[in-house]
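Encoded as structure tokens, the structure appears first; notes follow it.
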Amino acid sequence: MRIVIATFCLLFLQAASAAEKVYVPFFYGENVSHRTLISATTLFAEYMNDNGFFQAIVSQKRDTVKFESNLNEVRESAELMSASYYTIGKIIRLGSSYNVSVKLYTNSNNLLLSSEIRQCKSLDDLPVILKELAGKLGTMRKFSRRGDLELISGSAAEKPIRLKSNKSIGVITGAMLPMNADEIKNINGGFGAMMSFDTRSYILQLSGEVYYGNDSVASPFVGGQYQNRYFNVGANVLYPLNSTYNAPFVCLGSAFTYRETVVKMNALNSTPPSRGSREFDAVDTGLTFTGGGGYILRRSSDATLFIYGRGYVYMPAVDQLVYGVMFNLALTFGW
């Protein structure tokens, strides 16, 4: 169990700390020296690297500051360097002030993610402006799919506006049906609570669930019926197959399971003697592994619906396996 928890913690930490590549061509400028543009570009890239959101790759073409960058040419350079994003930066001097602008694009389709413009009175203020812009654009890494953010433009904007949070909480419901020959084959309905973390590469979900049977199987005792109850605490990793608003996914998961097998007594004179109306027949614990797929509805909304179809294997002992299928619905709300 410790190995499973550690594995999912490592996955989560990796998602939180992974830095995607962004290609940074040299700033273009008007009425600004080439030396200033080259220094500003290098400093901007360093600030982006310091934030940890991106791994900034600076252009090696020293003459790019002389010309305004062409989007297609920049995109081709970004592809050669395996960068998922690229920037277009400008520093324009108008009278006694400087306008500094940076735009962030996705390399896959030239989608403009963010456009930031700042104004400063002196080049001495440029490092502060560049640091602010690097931090602003850095937050875009988490929300880089179409429909996940609104365009930000102008110095009045204090923070990026998201249409969907990458963290959410919600509820899950569903059923599990054991299928092996020696297991009680009544349908176990259940419900639980869930936390979901959408990294945009994959989705990590943590949940606590309880499932219980419908007393449909008679026990060997007079007037008694079997019922299983499962208590699952675990994690599930979803990999969406595309980045659209509604998308299919594949998933793998693991959970710690506590199972009670109960004999529900219907007669006071039944055998064995009952404590009230129930007699606990067995208790066991083990690991449950799941795998399958499903569909996400409204991924880029604050309310998201997940539909799951999975197979599961429960191992209460080394020489015992309980396997079957699970069907679930989960509704989460971002914050």
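Index from 1, following the sequence. What you see is a predicted model; the values in this text were computed from it and never measured. Values below: every heavy atom of this structure, side chains too, minus hydrogens, waters and symmetry copies.
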Exercise. Same cluster or not: are F289 and F327 linked, directly or through other Ile, Leu, Val, Met, Phe, Trp or Tyr residues, by side-chain heavy atoms under 4.5 angstrom apart?
Worked result: yes
Exercise. So, S39 versus T42: side-chain donor-acceptor pair below 3.5 Å or not?
Worked result: no
For this session: Indicate yes or no: at least one non-hydrogen side-chain atom of V233 is less than 4.5 angstrom from one of Y258.
Result: no
Exercise. Centres of the Y239 and Y202 rings: under 6.0 Å?
Worked result: no
Problem set entry | Heavy-atom side-chain contact between V58 and P25 under 4.5 Å | no
Seminar exercise, completed: Value for CG (L331) from OG (S196), rounded to nearest 0.5 Å, stands at 11.0 Å
Exercise. Can you tell me how far NZ of K131 sits from CG of L126, rounded to the nearest 0.5 angstrom?
Worked result: 14.0 Å
For this session: Determine, stepwise, if the pair T106 / L113 fulfils side chain to side chain contact (heavy atoms under 4.5 Å, CB included).
Result: CA-CA 7 Å; T106 59; L113 293 181; 3.5 Å; yes
Exercise. Does the side chain of Y98 come within less than 4.5 Å of C120's, by heavy atoms?
Worked result: yes
Seminar exercise, completed: For D50, the salt bridge (charged side-chain N to carboxylate O under 4.0 Å, His left out) test, sequence neighbours excluded, returns none
Exercise. What pairs with Y211 under ring-ring contact (aromatic ring centres under 6.0 Å, His included), at least two apart in sequence or on another chain?
Worked result: none
For this session: List the atom of S201, the atom of P240, and the distance in Å for their closest heavy-atom pair.
Result: O-CD, 4.1 Å
For this session: Kindly work out whether a path of hydrophobic side-chain contacts (I/L/V/M/F/W/Y, heavy atoms less than 4.5 Å apart) joins L241 to Y295.
Result: no
Problem set entry | Minimum heavy-atom distance I38-F26, with the two atoms named | CG2-CE2, 3.6 Å
For this session: Rounded to the nearest 0.5 Å, what's the gap from CG on L305 to CZ on R298? Could you check?
Result: 10.0 Å
Problem set entry | Exercise: identify the closest heavy-atom pair between G324 and M179 | CA-CG, 3.7 Å
For this session: Check whether L112 and Y86 end up in the same hydrophobic cluster, where Ile, Leu, Val, Met, Phe, Trp and Tyr are linked by side-chain heavy atoms less than 4.5 Å apart.
Result: yes
Problem set entry | Contact summary for Q119 and I129, nearest pair of heavy atoms | O-CD1, 4.3 Å
Exercise. Is any side-chain heavy atom of I307 closer than 4.5 Å to a side-chain heavy atom of L329?
Worked result: yes
Problem set entry | Derivation of the side chain to side chain contact (heavy atoms under 4.5 Å, CB included) call for V22 and I57 | CA-CA 6 Å; V22 57; I57 305 172; over 6 Å; no
Seminar exercise, completed: ring-ring contact (aromatic ring centres under 6.0 Å, His included) filter on F44, not counting sequence neighbours, yields F27
Exercise. Under a 4.5 Å cut-off applied to non-hydrogen side-chain atoms, are C251 and R310 in contact?
Worked result: yes
Exercise. Rounded to the nearest 0.5 Å, how far does CD of Q55 lie from OH of Y23?
Worked result: 14.5 Å
Exercise. Say you draw a straight line from CD1 of I91 to CG of L123; how long is it, rounded to the nearest 0.5 Å?
Worked result: 7.5 Å
Exercise. Taking all atoms of both residues into account, what is the closest heavy-atom pair of M48 and V24, and its distance?
Worked result: SD-CG2, 4.5 Å
Exercise. Can you name the salt bridge (charged side-chain N to carboxylate O under 4.0 Å, His left out) partners of R75, sequence neighbours left out?
Worked result: E79
Problem set entry | P316 vs L321 side-chain heavy atoms within contact, under 4.5 Å | no
Problem set entry | Hydrophobic cluster of I172, others only, ordered by chain and residue number, side-chain cut-off 4.5 Å | M194, I203, L238, F249, I296, F306, Y308
Exercise. Hey, mind stepping through V102 and I88 against side chain to side chain contact (heavy atoms under 4.5 Å, CB included) and telling me if it holds?
Worked result: CA-CA 6 Å; V102 180; I88 298 293; over 6 Å; no
Exercise. Side chains of N246 and R299: does their closest heavy-atom pair fall under 4.5 Å?
Worked result: no
Exercise. How many angstroms lie between atom NZ of K121 and atom CG of D125, to the nearest 0.5 angstrom?
Worked result: 10.5 Å
For this session: Could you tell me whether the side chain of T173 and the main chain of G190 form a donor-acceptor pair under 3.5 Å?
Result: yes
For this session: May I ask you to test the F231-Y212 pair for a side-chain heavy-atom distance under 4.5 Å?
Result: no
For this session: Could you verify whether a donor N or O on one side chain and an acceptor N or O on the other, from R93 and N99, lie under 3.5 Å apart?
Result: no
Exercise. Going hydrophobic residue to hydrophobic residue with side-chain gaps under 4.5 angstrom, can you get from V100 over to L43?
Worked result: yes
Problem set entry | Any donor-acceptor N/O pair, T41 side chain to L37 backbone, under 3.5 Å | yes
Exercise. Applying the side chain to side chain donor-acceptor pair (under 3.5 Å) test to Y314, which of D284, T257, T290, N232 qualifies?
Worked result: D284
For this session: Name all residues meeting the side chain to side chain donor-acceptor pair (under 3.5 Å) criterion together with Y312; count only those two or more places apart in sequence or in a different chain, and write none if there are none.
Result: none
Seminar exercise, completed: Residues A175 and N328: closest non-hydrogen pair is N-ND2, 4.4 Å
Exercise. Does the pair K167/D198 count as a salt bridge with the N-to-O cut at 4.0 Å?
Worked result: no
Problem set entry | Verdict with reasoning, K21 to M81, per side chain to side chain contact (heavy atoms under 4.5 Å, CB included) | CA-CA 8 Å; K21 292 182 180 179; M81 297 182 181; 5.9 Å; no
